[in-house]
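Quick caveat: nothing in here was measured; it's all calculated off a predicted structure. Chain letters run A, B, ... following the sequence lines, proteins first, then strands; residues in each count from 1.
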Amino acid sequence: MALAPPIAYLLAPLCLLVGSVLILMADVTLPKRESGSPLSWWLALLFVLVSGASSFVVGRDDATQVFAVLAYDPFTAYVWRLLLATLGLVVLISQAYISHNVKEAGFFYAALLLFGFGALVLTACTNTIMLILAVDFLSIVGYVLTGYLHDDKRSTEAALKYLIYGSAVSAVMAFGLSWLYGITGTADYELTARGLAGEWVWAASRTVEPLALIPMVTFVLAGFAFKIGSAPFHQWLPDAFEGAPTPVTASLAIIPKVAGFAALVRLTLVMLPETLTLGVWWRWPLVAFLSVMGMFLGNLIGIWQTNVKRLMAYSGIAQVGYALIAVAVATERSLTALLLYLTVYAIAEMGAFAAITVMSTHARSDDLADYRGLHHRAPILAAAMIISILSLFGMPGTGGFIGKLWLFTAALDAGRGWLIVIAAVNSIISVAYYWKVIQATFVHSDPEQGRIRVPNATMVAVTIAVFTVLALGVYPNVVLRWAEAAVHGFFQAG
Amino acid sequence: MFAGQVVFLIIACLMLGAAVRVVTSRRIFHAALWLIGSFFCVAVIYMLLESPFMAGIQLFIYIGGIAVLTVIAIMVTKGGMHPDSHTLGNGWSAAIVSISLFIVMAWTITQLGFPNEPGMPVAEEGLALLGAALVDPGGYLVPFEVVSVMLMVVLIGSLYLGRER
């Protein structure tokens, strides 16, 4: 199999990088347009599309190490396309909100593309130094985006909380990884695994008590838990979700989580394989504990929320809990299910956040009470909201059902039935707050309120999201086959 | 070896003393100055470990960069120079976290049993190798470039967020 030159595999992230620089330059040099969509928005959309297209230039089946610290393989390709699709939808729903609320749109879109760039790099990491860097990159762009409404005190406060929490956790993660580096003398995932197995790179005959490293891998896991927004490292998340500009909330709910999961899966399979005692401990109890915590905390606290963005934050924490089951099990089947689950999650969240963005542009509030009678005022948005929420709950007929079904059966195959019991109990608890959203949008109505105009770009995003969620519920086979091919590479060699 | 151990013990005690003063100083400005003292002792320990490059980095980045930045940040912050601006609100919980971290680390170090001899031979041109690794496509070229993009983001982002309006 002929491989392309290494730089060709990085076309997708490079396109985003070039796009963001061009947007910045155009923003400074070109005169501002008075009406219509700003040029920076068109540029952002164009470069996300180009980036997405460029990911099809190199072969999907290629698997190679790029510049020693990144891996391009079917898994990377799958997650990149998912991330780029999400990023494109975020750009689509941003347009009306940003021109309504922010004067300097240029830097916003540049930062959004850089956010995507960080996520793509994080997905492909095979080196702990690169991992730390990518996690920090994504966080730093996240802080800027969260605080973007700098006239709004809540936005600044959210960014500050995110910043302080994020710096502390990434320091802890770097500390944990530095121990692994100090012991094995390498930052590469695969060499680290060999070092931990006793095949030392530099000291010929040494044995390390694997249990002694458990505190250190716990620190590493804390970093991941922060990035994917898992309990008990979730305290920043509801505040950041509430204060951030709504399109940023949408991207925070999806992009770091998907990229973080991809990085977590790669680290779990390559650096801490099941053959190591440490790897066994990593899956159970460490990841399994995070999973259970996420499900219970997310769902139980979610019940009390009255702000839609906070509610979505807790719903996201619970969703991450379900998805972590797949990492705790870490079989070929469960990781296929994970990719399918993340895909459905991303698209459903986009559908919901498209509606929430329009509402927070229009009503300037994210209170659930303001969603009353949405089915009269904007039927499309109400439909998108309902379908997305039902998919997040896992209603048969939507993609969410297929995602959960695969996830649960894969865990059952691996003999982790008790995790499924917990997940099922939590699915029932989650009805309590998902029902609140449905009730607000559908049941009550308020004839006083006028109709809401849905911007064209948002309409496109909503249509794509809703169609995809429903299509995945009926015919998931195509995506499932891609996901199977993406995960297969990890289990071929070993 | 004995002299080295004595010097190490003295420096370690100085470092710990400075670190304790960082958290107990009533004035945050004093805390920042003690932090410089603590960083300096770390640099001396690198010298003892025969790693002049790390010692230099420690001086340049931690004292020359981070500590000076901290001092300036305190000086330009409103009320930063006042004595009671630094209150020990969560003293006890912070102590519990630090002590448990210390116990975990001490336990880990005893479990791991680091070898007495240096495991990896020190290369003659260590610095040149380090420089080459940073720009080697088979080394750390990509992280190096990503850092440069990250610095750009930090610059523009902080300019945007910190602007007067």
Exercise for the section: Can you run down the side-chain hydrogen bond (donor to acceptor under 3.5 Å, both in side chains) pairs that involve residues 134-144 of chain A, sequence neighbours left out, and say none if there aren't any? Expected result: A:Asp136-A:Ser170, A:Ser139-A:Lys227

Practice task
Determine whether more than 12 heavy atoms belonging to other residues, nucleotides or ligands lie under 6.0 Å from atom CE of B:Met47.
Solution key: no

Practice task
Answer with side chain, backbone, both or neither: which region of A:Ile214 has an atom nearer than 4.5 Å to a non-hydrogen atom of chain B?
Solution key: neither

Practice task
Go through the atoms of A:Leu17 and report whether side chain, backbone, both or neither lie under 4.5 Å from a heavy atom of chain B.
Solution key: side chain

Practice task
Evaluate the side chain to side chain contact (heavy atoms under 4.5 Å, CB included) criterion for residues B:Leu159 and A:Phe107: first the C-alpha distance (whole Å), next the side-chain angles of each, then the deciding distance (0.1 Å), finally the verdict.
Solution key: CA-CA 11 Å; B:Leu159 277 177; A:Phe107 182 48; over 6 Å; no

Practice task
Select one option (side chain, backbone, both, neither) describing which atoms of A:Phe115 are under 4.5 Å from chain B's heavy atoms.
Solution key: neither

Practice task
Sort and list the pairs that fulfil salt bridge (charged side-chain N to carboxylate O under 4.0 Å, His left out) and have at least one residue in residues 157-169 of chain A, not counting sequence neighbours.
Solution key: A:Glu157-A:Lys161, A:Lys161-A:Asp239

Handout entry: Any residue of residues 134-155 of chain B which, by heavy atoms, sits under 4.5 Å from chain A
Key = B:Pro137, B:Gly138, B:Gly139, B:Tyr140, B:Val142, B:Pro143, B:Val146, B:Val147, B:Val149, B:Met150, B:Met152, B:Val153, B:Val154

Fill in the blank from the handout: Correct closest heavy-atom pair for A:Ala212 and B:Thr108 would be O-CG2, 3.3 Å

Problem - Over 12 non-hydrogen atoms of neighbours within 6.0 angstrom of CD in A:Gln65 - result: yes

Exercise for the section: Let me know if A:Leu145 has heavy atoms under 4.5 Å from chain B in its side chain, its backbone, both or neither. Expected result: neither

Exercise for the section: May I ask you to check whether over 12 heavy atoms, not counting those of A:Phe175, lie within 6.0 Å of atom CZ? Expected result: yes

Practice task
Against chain B, work out which of A:Val69, A:Val144, A:Val121 has the most heavy-atom pairs shorter than 4.5 Å and name it.
Solution key: A:Val69

Exercise for the section: Check whether A:Ile129 gets within reach of chain B through its side chain, its backbone, both or neither, counting any heavy atom under 4.5 Å. Expected result: side chain

Exercise for the section: Please indicate whether B:Phe40 has more than 12 foreign heavy atoms, meaning atoms of other residues, nucleotides or ligands, lying under 6.0 Å from its CZ. Expected result: no

Practice task
Could you pull out all residues at least two apart from A:Phe117 that satisfy ring-ring contact (aromatic ring centres under 6.0 Å, His included)?
Solution key: A:Phe137

Practice task
Against chain B, label A:Phe108 side chain, backbone, both or neither, depending on which of its atoms sit under 4.5 Å from a heavy atom there.
Solution key: neither

Fill in the blank from the handout: In terms of heavy-atom contacts, B:Val104 and A:Pro215 come closest through CG1-CB, 3.4 Å

Exercise for the section: Mind telling me whether B:Tyr160 and A:Tyr148 have parallel, tilted or perpendicular rings, with 30° and 60° as the class edges? Expected result: parallel

